[in-house]
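Below is one structure; the comments refer to it alone.
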Amino acid sequence: MASLTVDQMYELDNGLIADAVKLRFFPLSIARGEGCRVYDVEDRAYLDFTAGWALANTGYSNERVKQAVIEQLNRTTFAGLISSMHEPALKLADKLTQLVPGEFHKKVWFGLSGSDASETVGRLLPLATGKRRLVSFIGGYHGATSASMAMSAHIAMTQFIGGGHVVKVPYPHPYRCPFGDEVSDCAEKAIRFLEDYIFKTICPPDDVAGIIVEAIQSDGGDIVPPANFLPLLEELCRRHKIHLVVDEVKVGMGRTGQMFAFQHAGITPDVVILGKSLGGGLPLSAVIARQEILDVGFALFTTTGNALSCTAGLATVEAIEQDGLVAQAGRVGAYLHQKLRQLQDRHALIGDVRGLGMIQGVELVRDRTTKEPAAVETAKVAYRAFELGLLVFYVGMFSNILEITPPLIMTEAEVDEGVAILDQALADVAAGRVGDEHIARFAGW
Ligand code: PMP
């Protein structure tokens with residue numbers, strides 16, 4: 001199958017690869033990647049504002065990660081954790097327990113995806129506590145295995161069966177507060193609703209093993225909750241002796257300008273879930289939690305904590321630390337935010353720009369007063385940006401938020417380049433220059 005064109009590849013993909021695995025926005029094929037750019041099979045270059053769904057925090061083909069993986073591959077292609085021990089797992093576990101805050105005995109569970117990690121937490125917490133229920137937030141995305149889907153409450157997941165023991169409650173969304181137009185106390189209202197209504201009706205708190213939350217709800221729409229939300233949630237958990245689980249799969253590992261997004265709120269979770277960027281491109285997830293939560297039950301796969309993935313993970317953490325990527329994400333992210341705000345001044349389609357560091361959401365609406373979601377326009381902007389050489393995906397319960405999660409190594413100059421393309425794409429869509437036929441082939445969410 002050498003030297004296929006992109007069109008030929010998509011034709012073959014159509015006949016060979018399951019649609020269930022696809023979330024496509026434009027005809028991208030990746031032949032190679034370098035820094036913040038990927039190149040397709042016809043050698044077209046794309047600046048990447050997605051980092052492959054917030055995965056390539058250290059960029060594509062990061063030298064440290066690449067070298068570490070090559071050296072480990074030369075030692076052995078496989079070393080497992082479930083029935084043997086190896087150094088990369090120990091070193092990475094030691095590192096992660098130091099990075100995650102909390103003055104208590106922590107342990108690390110390793111998996112391969114954010115989904116298996118969430119599912120494991122959902123299974124072990126009830127075993128460890130003897131309590132049966134979990135609470136999660138509407139709009140949350142915790143995975144695509146049956147159990148992690150059942151913990152999620154993104155509209156893409158709630159169509160599937162399961163999850164009767166997981167109670168879903170509103171997430172405080174400053175732009176679309178579920179409790180009405182007054183947004184200044186949106187977080188207080190969300191906490192009060194959970195404590196005064198949910199806990200007193202369908203979900204007795206003494207039967208709740210844990211509350212799982214994203215510090216920034218990303219697939220739900222890049223929603224940055226009010227600053228007091230996580231501290232209030234932590235207090236509520238402590239009052240009722242409920243474990244606080246923070247899913248940092250997408251926003252952790254430096255993306256927001258702190259190693260973990262929850263650190264902006266100064267809270268100490270009992271459980272932290274990592275994935276995506278942790279493996280630097282290789283499949284790797286981790287749960288860092290109080291020891292008593294992880295020493296129960298059965299949650300292992302043959303390739304769990306394999307030496308190659310752990311080596312990549314360790315090199316990724318070292319690259320983030322030694323190359324100063326957390327600070328860079330904070331600095332360049334603030335610059336990116338300001339540039340996107342300037343776009344909002346010029347484009348009526350942009351209703352809101354929000355984010356923290358290198359995760360920014362640009363919400364498109366048909367009318368800034370009614371906030372009617374502009375889903376078709378959003379799909380067209382993503383498509384047009386692709387034609388112009390920029391990768392950007394969209395998220396949200398109404399599929400109308402352009403999500404910008406670049407590699408943390410991105411520079412201000414690259415931000416300028418990407419924002420200029422977005423500017424052009426927005427203008428082209430507003431002027432009706434992008435036809436419906438372009439997006440008809442791509443279902444998106
Ligand atoms: N948690 C969060 C917050 C996520 O964004 C995702 C993926 N979008 C997951 C968990 C699941 O990760 P994966 O797709 O690697 O299984």
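Counting convention: from 1, in listed order, for ligands and their atoms alike.
Side-chain N/O atoms of H240 and E195 include a donor and acceptor closer than 3.5 Å. Between the side chains of T303 and N306, no donor-acceptor pair of N or O atoms lies under 3.5 Å.
Of all protein heavy atoms, the one lying nearest to atom 14 (O) of ligand 1 is S115 OG, 4.1 Å. Given atom 15 (O) of ligand 1, the protein heavy atom at minimum distance is G114 N, 3.2 Å. In terms of protein heavy atoms, atom 6 (C) of ligand 1 is closest to Y141 CD2, 3.5 Å.
For ligand 1, the atoms closer than 4.0 angstrom to any heavy atom of K276 are 5 (O), 6 (C), 7 (C), 8 (N). Within the listing of ligand 1, atoms 1 (N), 2 (C), 3 (C), 10 (C) sit less than 4.0 angstrom from a heavy atom of D247.
Taking the ring axis of F137 as reference, the NZ or CZ atom of K168 does not stay both within 45° of it and closer than 6.0 Å to the ring centre.
Where the criterion is an N or O separation shorter than 3.5 Å, residue side chain and backbone included, D219 meets it with respect to ligand 1. Checked by distance only, ligand 1 and K250 stay at 3.5 Å or farther apart across all their nitrogen or oxygen atoms. On a distance-only criterion, V249 and ligand 1 share no N/O pair closer than 3.5 Å.
With a 6.0 Å radius and a threshold of 12 heavy atoms from other residues, nucleotides or ligands, E34 has its CD atom at or below the threshold.
Using a 4.0 Å cut-off between charged nitrogen and carboxylate oxygen, K107 and D295 count as a salt-bridge pair. Looking at R32 and D40, no side-chain N of the basic residue comes within less than 4.0 Å of a carboxylate O on the acidic one, giving no salt bridge.
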